[in-house]
*Asks:* 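My questions will all concern the structure given below.
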Protein chains: 4
Amino acid sequence: MTAATAGADKKPMSKSKAEILDAAAEVFMKLGADTASIDDVARHLGATKGRIYHHFPSKGVLLAEVCLRAADFVHEVVGPAVDASATPEANLRRMIALHIPEILRTLPYHKVIIQSYVGMNQKSTTALERELFDRIRVERRQYEDIFRNILKAGIEDGSFREQNLSIALQSVLLLINAPVFWYKPRKNEPTNFVADLTDQLADMAVSALR
Amino acid sequence: MTAATAGADKKPMSKSKAEILDAAAEVFMKLGADTASIDDVARHLGATKGRIYHHFPSKGVLLAEVCLRAADFVHEVVGPAVDASATPEANLRRMIALHIPEILRTLPYHKVIIQSYVGMNQKSTTALERELFDRIRVERRQYEDIFRNILKAGIEDGSFREQNLSIALQSVLLLINAPVFWYKPRKNEPTNFVADLTDQLADMAVSALR
Amino acid sequence: MTAATAGADKKPMSKSKAEILDAAAEVFMKLGADTASIDDVARHLGATKGRIYHHFPSKGVLLAEVCLRAADFVHEVVGPAVDASATPEANLRRMIALHIPEILRTLPYHKVIIQSYVGMNQKSTTALERELFDRIRVERRQYEDIFRNILKAGIEDGSFREQNLSIALQSVLLLINAPVFWYKPRKNEPTNFVADLTDQLADMAVSALR
Amino acid sequence: MTAATAGADKKPMSKSKAEILDAAAEVFMKLGADTASIDDVARHLGATKGRIYHHFPSKGVLLAEVCLRAADFVHEVVGPAVDASATPEANLRRMIALHIPEILRTLPYHKVIIQSYVGMNQKSTTALERELFDRIRVERRQYEDIFRNILKAGIEDGSFREQNLSIALQSVLLLINAPVFWYKPRKNEPTNFVADLTDQLADMAVSALR
DNA sequence: AATGAATGAGATTTCATTCAT
DNA sequence: CATGAATGAAATCTCATTCAT
């Protein structure tokens, strides 16, 4: 079972579209979204370009929908976990505890979306692509705001050190996304590797803020 | 004065080459190294492709030399700062205090090298390109090792928490490179912004490890 | 009511086919027969390609049938109007008086057939398409011959100036088709605009020949 | 000697560009601008697409420049011929006497521009293309105005019949462009064929207006 | 050292057409 | 009858690279 077909989305997505997105995420991850051609994606699907273009009007839109999906995955898992009655630290730990396994489960999507953070490659995009990338930006902002609010609350109630909020936020977000940069799933991986990694990163994040 | 022309290198570099590297870093940063064409770089230089091809045999080599320069910049500044007689924490703080201003000074280069971390975009490279990218990998490994040794020493002497060394290392490295992802120089920037940023990140890094 | 459904043909045409032809004429007119895709026609119909392919085996045949219809429209209206006992000038006037309103009534069809006069756009056609385009050529030739005979009679009986018959014929035919190039129906069009236009063009044609 | 290289333009045009325009006009004429591919044009040149794209940024621009050239050809020959002191009829005859040979000399260009009159194929055009087509429209309008003024003067001084000016103008313009639709140069063409054709069309045009 | 023309390989995209349902 | 998915061929366009000057 693949990441995309596993995810439960608001708008149900045709199986064919989800399969294409999974393949695109995989191929874009491996080769880089720019280097990978639509033919590469099609080959990975065992189909022709035509199938992809039947569902996505351009490579840019395909890429955007992969990124949108990446943003959705974590948002839907982590968003509902915030507990207004819990302490900021408890909330942050719970959020990280959900975030890390989710990005590892849907790793290819996140490997692709971080490419779009470092290379803001807009040479000539269509209106639809711009709209999609705007939505991605909005989703990302919303996701950041969940963390920003927790950090702010923590600073205000003294559980986190007095510090520049934006810098702290960006640093924590990058910290909990760090595995996207280096993680490679292995067969002989220790059973509790993900759990340990999650604990360590939660510890680091909380300590870094205190 | 630009980053490249400012930097003092082992092998002196012709002014023309340095100018081209600066332009390439800028353009690769803005458009992404894949999206940017050699013509884009030439246009930014106010020249034509010929000038670039006169100094660099291929786009891949140009990109590699930009990345190599990025690695060199921090390596040369941070490397000599390690003091065998100082505590791990003191060393780490000193290293970060040098690292952050340097990456901000030479930001475009680091925005480019980061791209090569997220997308393994080498489809078919020449021998020279492979050699250069190997050198980059070696330099990066060496730079990481400086930090790894400090972290290891800190864990052993108890000043840092017991934890998975690799995860800690990757996390700290990403933390101190975080500004590359979000920093944008501004005119009305507070005078001591860089100093404050450096302090905060050093605090976060050290706390995260403790 | 549309042009196609209004026309009374020898072979009765299914309503569906006529609707498709009307839509095709409209879309081919607006975008050009080459530029317009079958999908464009289908969209204009509020249907999908399948509906079109159910009735027409290929785009070439669809185009050919639009052109054939264009030729039929004027042929059927003007052909029977020739009166062997009338003078050439009277015949010519009567023919023009029928021709002009008819091409304005079925304008999209004629905008399409004109395209096929200026660009010989047949790269590789099927046997059926070739057969249809042959029939169009024959019809056109027959229609031209009606005029050619009138002109010839007029030159012979002295009512028209002595002149190269072919040049005169082509010129008159283009003259009476001129509105296809520039006419655009308007809401606030004077009631007798078409009648006046018809008169003026008949006058011009007859004078041009005298 | 080809049409393009023969023409004397305000802005001198590189020989290479002129050659490409000549080839494009020829190929667009034969196959239709839509049907003809850039490869077809390149093949006719004995070169590759690259050469064409080095000089023209898109097929649309190439087509536009062919059309612009078509408009320029007649404009530059006929424009200066108007003599304010001559009668409208004399002016019209002189203009036609220059117009006809010029369109036959540069026939392919005019076969192409005519295509753009009947198929207003704008599906997605770039800003540059739109600008060029605007310039074509302006040139065309200016050329028409030369004739419009003559016709108006003729109607006012009574040498031409009282009639709708716009209809008369469009009809005369189409009449004098009629050969573009049917003329095919032949080897065994009578020596004075062009002269005779010119005379006959001038006679027809003047008579049509009287 | 640098330019401008040209090439060739490959990428994106379009679209007529077929087919299963 | 009609749809939606899919194909395959071709078209437009890009661009790293080479070369003559």
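Labels below follow one simple rule: chain letters A, B, ... track the order of the sequence lines, proteins then strands, and each chain is numbered from 1. All figures in this text were calculated on a predicted structure; none of them were measured in a lab.
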*Asks:* What pairs with C:Ser16 under side chain to side chain donor-acceptor pair (under 3.5 Å), at least two apart in sequence or on another chain?
*Replies:* C:Arg51, C:His55
*Asks:* C:Asp40 CG to E:dC15 P: how many Å, rounded?
*Replies:* 7 Å
*Asks:* Can you list the residues that meet the side chain to side chain donor-acceptor pair (under 3.5 Å) rule with A:Lys49, with sequence neighbours excluded?
*Replies:*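 Here the qualifying residues are A:Asp39.
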*Asks:* With sequence neighbours left out, write down each residue that passes side-chain contact (heavy atoms from CB on, under 4.5 Å) with A:Ala25, or none if nothing qualifies.
*Replies:*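 Checked A:Ala25 against side-chain contact (heavy atoms from CB on, under 4.5 Å); matches are A:Val66, A:Pro108, A:Tyr109.
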*Asks:* Which residues pass the salt bridge (Lys or Arg N to Asp or Glu O under 4.0 Å) test with B:Lys59, not counting sequence neighbours?
*Replies:* none
*Asks:* Using the salt bridge (Lys or Arg N to Asp or Glu O under 4.0 Å) criterion, which residues pair with C:Arg43? Sequence neighbours excluded.
*Replies:* C:Asp40
*Asks:* Return the 5'-most residue of the pair B:Asp39, D:Lys59 with respect to DNA chain F, ranking by each residue's nearest nucleotide.
*Replies:* D:Lys59
*Asks:* May I have the distance from A:Phe56 (atom CZ) to E:dT14 (atom P), rounded to whole angstrom?
*Replies:*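 To the nearest whole Å, that distance equals 15 Å.
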*Asks:* Hey, which of these two, A:Ile38 or C:Gly60, hits DNA chain E nearer its 5' end, going by closest nucleotide?
*Replies:* A:Ile38
*Asks:* Measure CG/B:Leu63 against P/F:dA16 and give the value in whole Å, please.
*Replies:* 12 Å
*Asks:* Output the rounded distance in Å from OH (A:Tyr53) to C1' (F:dA11).
*Replies:* 13 Å
*Asks:* Could you run through nucleotides 4-10 of chain E and give me one letter per nucleotide, 5' to 3': B if any protein heavy atom sits under 4.0 Å from the base, S if only the sugar-phosphate is that close, - if neither?
*Replies:* SBBBB-B
*Asks:* Check side chain to side chain donor-acceptor pair (under 3.5 Å) between D:His44 and all other residues, then give those that pass, not counting sequence neighbours.
*Replies:* none
*Asks:* Want to know the stems of DNA chain E: at least 3 consecutive Watson-Crick or G-U pairs with distances under 3.5 Å, which are they?
*Replies:* E:2-21 with F:2-21
*Asks:* C:Ala42 near the nucleic acid: base, sugar-phosphate alone, or nothing, with a heavy-atom cut-off under 4.0 Å?
*Replies:*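 Nothing, no nucleic acid heavy atom in range.
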*Asks:* Restricting to side chain to side chain donor-acceptor pair (under 3.5 Å), what partner residues turn up for C:Glu65, sequence neighbours left out?
*Replies:*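 For C:Glu65 there are no side chain to side chain donor-acceptor pair (under 3.5 Å) partners, ignoring immediate neighbours.
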*Asks:* Pick out which of C:Thr35, C:Val41, C:Asp34 makes a side chain to side chain contact (heavy atoms under 4.5 Å, CB included) with C:Phe28.
*Replies:*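 That would be C:Val41.
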*Asks:* Rounding to an integer number of Å, can you tell me how far D:Asp34 CG sits from F:dA10 P?
*Replies:*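 My rounded result for the distance is 18 Å.
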